[in-house]
Chemist: 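Attaching a single structure in structure tokens format; questions to follow.
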Amino acid sequence: MQFETISEFIKMDGHGLYVWLSYAIGVSILIGNLIMPLFTRKELIKNLARRLRREKNAQ
């Protein structure tokens, strides 16, 4: 399929909304899969440090 203009390419014969929305959802899922472990790691380290302080104070 060949398009004459960029506008036609973006619209994709009326299907552009669905195509670009699908790409946006896919990319956002991939980015989320890269970022979420970083937040989880920070929370895990914070919880472990808190646990170690509690155990140290309990002794």
Chemist: If you group Ile, Leu, Val, Met, Phe, Trp and Tyr by side-chain heavy-atom gaps below 4.5 Å, do Val27 and Val19 land in one group?
Modeler: no
Chemist: Are Ile6 and Met12 co-members of a hydrophobic cluster defined by side-chain heavy atoms under 4.5 Å apart?
Modeler: yes
Chemist: Which atom pair, heavy atoms only, marks the closest approach of Gly32 to Pro37?
Modeler: O-CD, 4.3 Å
Chemist: Only one of Glu43, Arg41, Lys42 forms a side-chain contact (heavy atoms from CB on, under 4.5 Å) with Ile45, so which one is it?
Modeler: Arg41
Chemist: Under 6.0 Å from the CD atom of Glu4, do we count more than 12 heavy atoms belonging to anything else shown?
Modeler: no
Chemist: Would a hydrophobic clustering, with Ile, Leu, Val, Met, Phe, Trp and Tyr connected at side-chain separations under 4.5 Å, put Leu17 with Ile25?
Modeler: no
Chemist: Rounded to the nearest 0.5 Å, how far apart are OG1 of Thr5 and NZ of Lys11?
Modeler: 8.0 Å
Chemist: Do Leu34 and Phe39 share a hydrophobic cluster, counting only Ile, Leu, Val, Met, Phe, Trp and Tyr and linking them when any side-chain heavy atoms are less than 4.5 Å apart?
Modeler: no
Chemist: Rounded to the nearest 0.5 Å, how far does CG of Leu48 lie from CZ of Arg53?
Modeler: 11.0 Å
Chemist: Distance alone, cut at 3.5 Å: any donor-acceptor contact between the side chains of Asn47 and Arg50?
Modeler: yes
Chemist: Could you tell me the separation between the CD1 atom of Ile10 and the CD atom of Glu8, rounded to the nearest 0.5 Å?
Modeler: 11.0 Å
Chemist: Linking I/L/V/M/F/W/Y whenever their side-chain heavy atoms sit closer than 4.5 Å, directly or via other members, would Tyr23 and Tyr18 fall into one cluster?
Modeler: no
